[in-house]
Amino acid sequence: MNKKVLLIEDDLQMQNLISDYLKDYHFDCTSFANPKEALEEFSKNQDFSIAILDLMLPFMDGFDLFKKLKSIKDIPIIISSARGDIGNKIHGFELGVDDYLAKPYEPRELVLRIEYILKKYKNNKITIGDFEIDKDNKEVRVDDFPVEFTKIEFEIFIFLIENLNKISSREQILHATSLDINTKNRTIDMHISNIRYKIGDDSKNPKYIKSVWGIGYKFVS
C-alpha cells in the first residue's frame with residue numbers, strides 16, 4: 001500500500017507532532033506550512049495516497065485548498081482543524097471530505113482513520129488483467145486507455161467483474177442495475193454488445209465477456 005501523506009499545517013508544533021507520529025507508523029509524510037507551496041508540489045508529484053489539511057492557513061482558506069487539490073487529483077482528504085463547529089463539518093462533508101477531525105485529538109486516532117480510509121479506497125480500486133477500475137469515480141481503463149461507459153453499462157460491467165468467472169443470468173444482471181424491472185432480455189444483450197465494443201472485445205470470439213447459451217454471460221480473467 002502506498003503510504004505517502006501530504007500534510008498541510010501552518011502550526012509548526014502541530015505539524016511536527018503529526019509528522020513524527022505518522023513516521024512512527026511507517027508513513028512517508030511530506031509537510032508544508034504554505035498552501036501555495038503544497039499545491040505546487042502536488043501538481044508536480046501526484047504520488048500521494050492521502051492529504052491532511054488544516055483550514056486556517058495563510059494565503060488561502062482550507063476549503064479552497066481542498067477544491068484545488070481535488071481538481072488536480074481525486075485523493076482522499078482529511079480535515080484537521082480547530083474549527084470544529086457543526087457548520088464547518090457540514091460544509092466539509094458536503095464538499096466531499098473523507099473525514100473531519102476537530103483539534104485537539106489523539107494522533108493515534110488520526111493514524112487509525114488514515115488506515116481505514118486507505119483500505120476503503122484500495123477495496124474500491126480493482127485491477128484485473130488489462131483492466132483498472134475505480135468504483136468510486138466510475139472509471140474504467142483498458143491498457144491505460146479510458147473507457148467511456150454509460151451509467152447502465154458501468155453497472156453491468158461492475159456486476160460481471162464482481163462475479164468473475166461465474167455465469168450471470170440476464171435476470172441477475174437486470175436486478176444488479178438500475179434498469180426497469182420489465183426490461184427485456186434483448187435490451188441486456190444490447191448493453192453487453194456495447195460494452196464489448198468499448199473494451200475491444202470481439203463479439204464473434206470474445207476474450208472477456210463470454211456468452212452462455214440460454215442463460216446469460218460470464219466475464220473471464
Task: Carboxylate-amine/guanidinium proximity below 4.0 Å for Asp144 and Arg141 - done: yes
Open item on the list: Please determine whether residues Val220 and Val212 belong to a single hydrophobic cluster, defined as Ile, Leu, Val, Met, Phe, Trp and Tyr linked transitively by side-chain heavy-atom distances below 4.5 Å.
Closed with: no
- [ ] For Ser49 and Lys4, indicate whether the former's side chain and the latter's backbone hold a donor-acceptor pair under 3.5 Å.
- [x] yes
Open item on the list: Could you see if Leu160 belongs to whatever hydrophobic cluster contains Ile128? Use Ile, Leu, Val, Met, Phe, Trp, Tyr and a side-chain cutoff under 4.5 Å.
Closed with: yes
TODO: For the pair Asn163 and Lys218, evaluate side chain to side chain contact (heavy atoms under 4.5 Å, CB included) and give the outcome as yes or no after the intermediate values.
DONE: CA-CA 8 Å; Asn163 290 276; Lys218 177 171 66 172; over 6 Å; no
Task: Within 6.0 Å of CD in Glu109, more than 12 heavy atoms from elsewhere - done: yes
Task: Neighbour count above 12 (heavy atom, 6.0 Å) for Glu41 CD - done: yes
Task: Residue pair Ala176 / Phe159: nearest heavy atoms and the distance that separates them - done: CB-CD1, 3.3 Å
Open item on the list: Tell me if a side-chain donor or acceptor on Glu153 pairs with a main-chain N or O of Ile195 at a distance below 3.5 Å.
Closed with: no
Open item on the list: Taking atom NZ as the centre, does Lys166 end up with more than 12 heavy-atom neighbours from other residues, nucleotides or ligands that are less than 6.0 angstrom away?
Closed with: no
Open item on the list: Ring-plane angle category for Phe219 and Tyr208, please: parallel below 30°, perpendicular beyond 60°, tilted otherwise.
Closed with: parallel
- [ ] Kindly indicate whether the side chain of Tyr21, heavy atoms from C-beta on, has any atom under 4.5 Å from the side chain of Leu110.
- [x] no
- [ ] Starting at CG of Asp64, measure out to CG of Leu55 and round the result to the nearest 0.5 Å.
- [x] 10.5 Å
Task: Nearest atoms (heavy-atom pairs only) where Ser81 meets Arg83 - done: OG-N, 2.9 Å
- [ ] Check whether any side-chain heavy atom of Val111 sits under 4.5 Å from a side-chain heavy atom of Arg108, and report yes or no.
- [x] yes
Open item on the list: Tell me whether Asp54 contacts the main-chain N or O of Leu57 through its side chain, where contact means a donor paired with an acceptor under 3.5 Å.
Closed with: no
Open item on the list: If I take atom CE from residue Met56 and atom CD from residue Glu9, how far apart are they, to the nearest 0.5 angstrom?
Closed with: 9.0 Å
- [ ] Give a yes or no on whether Ile117 and Leu112 share a hydrophobic cluster (residues Ile, Leu, Val, Met, Phe, Trp, Tyr; joining criterion: side-chain heavy atoms under 4.5 Å apart).
- [x] no
Task: 4.5 Å side-chain heavy-atom contact, Phe131 and Ile199 - done: yes
Task: Lys198 atom NZ: more than 12 heavy-atom contacts under 6.0 Å - done: yes
Task: Other residues, nucleotides, ligands: >12 heavy atoms within 6.0 Å of Lys73 NZ - done: yes
Task: Intermediate values then yes/no, side chain to side chain contact (heavy atoms under 4.5 Å, CB included), Ile50 and Phe27 - done: CA-CA 11 Å; Ile50 193 166; Phe27 286 94; 5.8 Å; no
- [ ] Say whether, by atom type as modelled, one donor and one acceptor occur between the side chain of Asp98 and the main chain of Ile77 under 3.5 angstrom.
- [x] yes
Task: Contact summary for Lys89 and Gly84, nearest pair of heavy atoms - done: CE-O, 3.4 Å
Task: Residue pair Ile114 / Leu22, side-chain heavy-atom distance below 4.5 Å - done: yes
- [ ] For the pair Phe48 and Phe42, name the ring-plane relationship: parallel under 30°, tilted 30 to 60°, perpendicular over 60°.
- [x] tilted
Open item on the list: If you define the side chain from C-beta out and look only at heavy atoms, does anything of Leu95 sit under 4.5 Å from Lys67?
Closed with: yes
Task: Asn16 backbone acceptor or donor facing Ser19 side chain under 3.5 Å - done: no
- [ ] Check whether more than 12 heavy atoms from other residues, nucleotides or ligands sit under 6.0 Å from atom OH of Tyr116, and answer yes or no.
- [x] no
- [ ] Kindly compute the distance separating OH (Tyr100) from NE2 (His91), expressed to the nearest 0.5 Å.
- [x] 9.5 Å
- [ ] Taking Asp201 for its side chain and Ile209 for its backbone only, find out whether a donor-acceptor pair lies under 3.5 Å.
- [x] yes
Open item on the list: For the backbone of Ser178 and the side chain of Glu155, can you confirm whether one donor and one acceptor N or O come within less than 3.5 Å of each other?
Closed with: yes
Open item on the list: Could you check whether any side-chain heavy atom of Leu69 comes within less than 4.5 Å of a side-chain heavy atom of Leu53, counting everything from C-beta outward?
Closed with: yes
Open item on the list: Please evaluate residues Asp189 and Arg170 with respect to the criterion salt bridge (charged side-chain N to carboxylate O under 4.0 Å, His left out), reporting the C-alpha separation (whole Å), side-chain torsions for both, the decisive distance (0.1 Å), and the verdict.
Closed with: CA-CA 8 Å; Asp189 295 338; Arg170 290 177 178 83; 2.8 Å; yes
Task: Electrostatic pair Lys36-Glu40, nearest N-O below 4.0 angstrom - done: no
- [ ] Determine, for Asp11 against Lys103, whether the closest basic-nitrogen to carboxylate-oxygen distance falls under 4.0 angstrom.
- [x] no
Open item on the list: Count I, L, V, M, F, W, Y as connected when their side-chain heavy atoms are under 4.5 Å apart, and connections chain through other members. Are Phe154 and Met190 then in the same cluster?
Closed with: no
Task: Over 12 non-hydrogen atoms of neighbours within 6.0 angstrom of OH in Tyr105 - done: yes
Open item on the list: Distance check, rounded to the nearest 0.5 Å: Ile8 atom CD1 versus Leu39 atom CG?
Closed with: 6.5 Å
- [ ] With side chain to side chain contact (heavy atoms under 4.5 Å, CB included) as the test, would you mind laying out the steps for Leu17 and Gln13 before giving the verdict?
- [x] CA-CA 6 Å; Leu17 174 66; Gln13 184 176 355; 5.9 Å; no
Task: From Thr177 atom OG1 to Ile188 atom CD1, the distance as rounded to the nearest 0.5 Å - done: 5.5 Å
TODO: Please tell me if the side chains of Glu132 and Thr127 come closer than 4.5 Å, counting only heavy atoms from C-beta onward.
DONE: yes
Task: Any side-chain heavy-atom pair of Lys207 and Asp130 under 4.5 Å - done: yes
Open item on the list: If we count only N and O atoms by modelled type, under 3.5 Å, do the side chains of Asn205 and Asp202 hold a donor and an acceptor together?
Closed with: no
Task: Shared hydrophobic cluster, Ile72 / Leu65 (ILVMFWY, side-chain heavy atoms < 4.5 Å) - done: yes
Task: Spacing of Ser211 atom OG and Lys204 atom NZ [to the nearest 0.5 Å] - done: 14.0 Å
Open item on the list: Checking the side chain of Lys210 only, and the main-chain atoms of Pro206 only, is there a donor and an acceptor separated by less than 3.5 Å?
Closed with: yes
